[in-house]
Amino acid sequence: MKIPSVKGTRDFYPPVMAVRNFLVDGWKAASRRSGFEEYDGPIFEHLMMYQVKSGEEIVEQLFHLTDRGGRELAIRPEITPTLARMVGQQINSLPRPIKWFSVPRLCRAERPQKGRLREFFQWNLDIVGVADPLADAEVIFTTLDYLAGVGLGPADVQARISSRRLLAAYLRGLGLDESRLDAVYPVLDKKPKVPPDAFEEMLRTCVPEEAIAVGIHRFMELTDPADLAGLSLSDGTQAEAFEAARRELADVMRWLDRMGMGAYCRFDPGIVRGLAYYTGVVFEVHEATGSLRAICGGGRYDNLLADFGGPAMPATGMGMGDCVLEILLREKGLLADDLPTRRLDWTVCCLDEALMETAVEAVAALRRSGRAADMAYKPAGLGKQLKWAAAAHAGRVAILGREFLEDRRIIIKDMQTGEQKGVDFDRFLSGHYDD
RNA sequence: GUGGAAGUAGCUCAGUCGGCUAGAGCACCAGAUUGUGGUUCUGGGGGUCGCGGGUUCAAGUCCCGUCUUCCACCCCA
């Protein structure tokens, strides 16, 4: 009986695995360049962990199971709750600042579509314990540093940055009650994604008050953060909060400019982020034409640790999935379609059955010395073996043939230059591989 | 969860009005090739035509169901 693969999953055959490694290795390298440390957690957690801050619908999109002890568990759909748990458990002994990254494998029981599967990898960056806008800027910088490193310029991708705190202060300042904010966020989040009149209708349904709706429009149409100063709020307390959030956002933009990423960044009041998760600066990186879904998203979530029963602790972070990124890189021609699946320093060509033992000895010696080396299981024509060596991206080839039978010499061929020379096999075997 | 399209070799696909033993290219394996690199030529393996049912003398082809994939919604931590 033939068993099919599971809906929304991928098989990573070596060439596909090479692509995945290309993405993951790049993520890890960028993280380390910015001083982040790697962590990971278990692939499943108590179901409750995801019910704490999520609604029914999100729980429906979890793969959940009951273990033999009756525990309700779920495969992780994100790693931030795990991070919050891990940090909370050892908060008093962890050196600060906590700058951690991870590339977890995540699962969500959603319907697969372009740029979204049921199992995927996601690069996560988080800085815990730093309220300074410099930390937000550093998360965004590291994200952009990676994207720049794989060849995406400011004409290809743009970081759209805004602030939940700014928006909240503004909405309260317009007279919108605190309790209604969570209902308004998803509507504003939709603005760039739906036609103007559809947005208008959603907004009016949610905010019937003419004056408030007009005020929201004024805010949503801004493009220059400097214009924020021109928005006046009659409520003194909110005006103060608004001003504080405005400075904070301006600081983030200023730091990013200093970090050489100014061309990638712009203020976009349409960046709200769907759920009531974020508390301050929020951002998304989009492909310039906006044809794909967001490449990544993140922001400040100062309440999350406390929500998970930990201490109050400021935090800011980012998540980037592999699916959309791969589509984008492919579209832009930035993904080689022949990434090597292995890279050998040496292959050994054995041309004579009588030399098989010597060939195996040579391969093993190379391997024991730390070099990647391989050989065929049976002697074969030199042409065929060189073809195989080229396909395996071998740097050099050691040829065991008639020279060995004559006077124990082997031929070493450099596959880049094509140059070759004869060397004494015993000298070679005693460690002179690179002479 | 809703709607649309598609499923034929490992991959990309052809297969006429329902009619002969279901084909091509690529890939893979072997040989030509008994010592020099992704060339060329020859040969080979590989198919329950997604699966199940129906109509028919006859189904890859028509009908129904189902599964999977892709696309658009819902949602997006």
Side-chain angles (χ1 to χ4, degrees), chain A residues 1-11 13 15-16 45 49-62 74 76-84 104 106-118 120 122 124 185-186 189-190 193-194 198 272-278 282 284 291 293-299 301 304 307 317-321 323-324 327 338 347 349-353 355 378-406 410-420 422:
Chain A
M1 180 181 170
K2 197 168 168 183
I3 299 169
S5 55
V6 175
K7 178 208 285 258
T9 63
R10 290 170 288 180
D11 293 328
Y13 288 88
V16 184
E45 295 271 7
M49 175 172 275
Y50 306 108
Q51 292 171 320
V52 166
K53 78 170 178 49
S54 316
E56 291 268 331
E57 192 155 346
I58 281 163
V59 172
E60 276 174 22
Q61 292 185 343
L62 288 171
R76 62 186 178 190
E78 58 172 328
I79 202 172
T80 308
T82 300
L83 170 77
L106 306 176
C107 293
R108 298 175 187 176
E110 296 177 294
R111 189 152 185 167
Q113 55 184 281
K114 187 175 186 183
R116 187 162 61 181
L117 298 170
R118 292 166 78 137
F120 57 97
Q122 188 183 66
N124 281 79
Y185 293 145
D189 188 54
K190 282 280 180 297
K193 300 164 191 164
V194 301
V272 180
R273 307 288 291 158
L275 295 187
Y277 183 97
Y278 294 101
V282 287
E284 292 176 0
S291 64
R293 63 181 70 244
I295 299 162
C296 74
Y301 52 98
L304 195 68
D307 288 347
M318 181 287 301
M320 178 187 298
C323 302
V324 173
I327 292 168
D338 60 343
T347 65
C349 294
C350 178
L351 302 178
D352 191 313
E353 184 69 46
L355 297 177
K378 283 180 180 171
L382 184 56
K384 186 175 177 175
Q385 296 204 48
L386 285 175
K387 197 179 286 189
W388 179 70
H393 295 88
R396 274 180 287 188
V397 174
I399 302 166
L400 276 72
R402 60 166 112 77
E403 296 82 359
F404 188 90
L405 295 171
E406 284 162 12
I410 62 174
I411 303 298
I412 291 175
K413 182 182 179 76
D414 184 306
M415 293 295 281
Q416 251 65 55
T417 64
E419 286 170 18
Q420 55 187 54

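Contact annotation: A:Arg108 side-chain N/O to B:A77 OP1/OP2 distance is not under 4.0 Å. Not one side-chain nitrogen or oxygen of A:Lys413 sits closer than 4.0 Å to the OP1 or OP2 atom of B:G35.
Proximity note for A:Pro112 (side chain, C-beta onward) versus B:C70, B:A77, B:C75: the nearest is B:C70. Among B:G31, B:G35, B:U69, the nucleotide with an atom closest to any side-chain atom of A:Ile399 is B:G35. In the set B:A77, B:U36, B:C71, the nucleotide with an atom closest to the side chain of A:Tyr278 is B:A77. Closest contact between the side chain of A:Arg293 and the listed nucleotides B:G35, B:G1, B:C76 involves B:C76. Checked against B:C75, B:G37, B:A77, the side chain of A:Met415 finds its nearest nucleotide in B:G37. The side chain of A:Lys7 approaches B:U69 more closely than any other nucleotide in the set B:U69, B:G35, B:A77. Listed candidates were B:A77, B:G35, B:U2. Nearest to the side chain of A:Glu403 is B:G35. Closest to the A:Gln61 side chain, of the nucleotides B:U2, B:A77, B:C74, is B:A77.
Note: A:Glu284 CD to A:Arg293 CZ = 11.5 Å, rounded to the nearest 0.5 Å.
Here A:Gly8 lies in heavy-atom contact (under 4.0 Å) with sugar-phosphate atoms only. A:Gly297 comes within contact range of no nucleotide atom at all, as no heavy-atom separation falls under 4.0 Å. A:Glu110 comes within 4.0 angstrom of a nucleotide base, judged by non-hydrogen atoms across all strands. Looking at heavy-atom distances under 4.0 Å, A:Asp414 makes contact with a base. Base engagement by A:Gly401 is indicated by at least one non-hydrogen atom pair under 4.0 Å involving a base atom.
Distance noted for atom C1' between B:U21 and B:A27: 25 Å (whole Å).
Partner assigned to B:U69 is B:A5, using Watson-Crick or G-U wobble distances below 3.5 angstrom. Across all strands shown, B:C49 remains unpaired; no Watson-Crick or G-U wobble contact has both distances below 3.5 Å.
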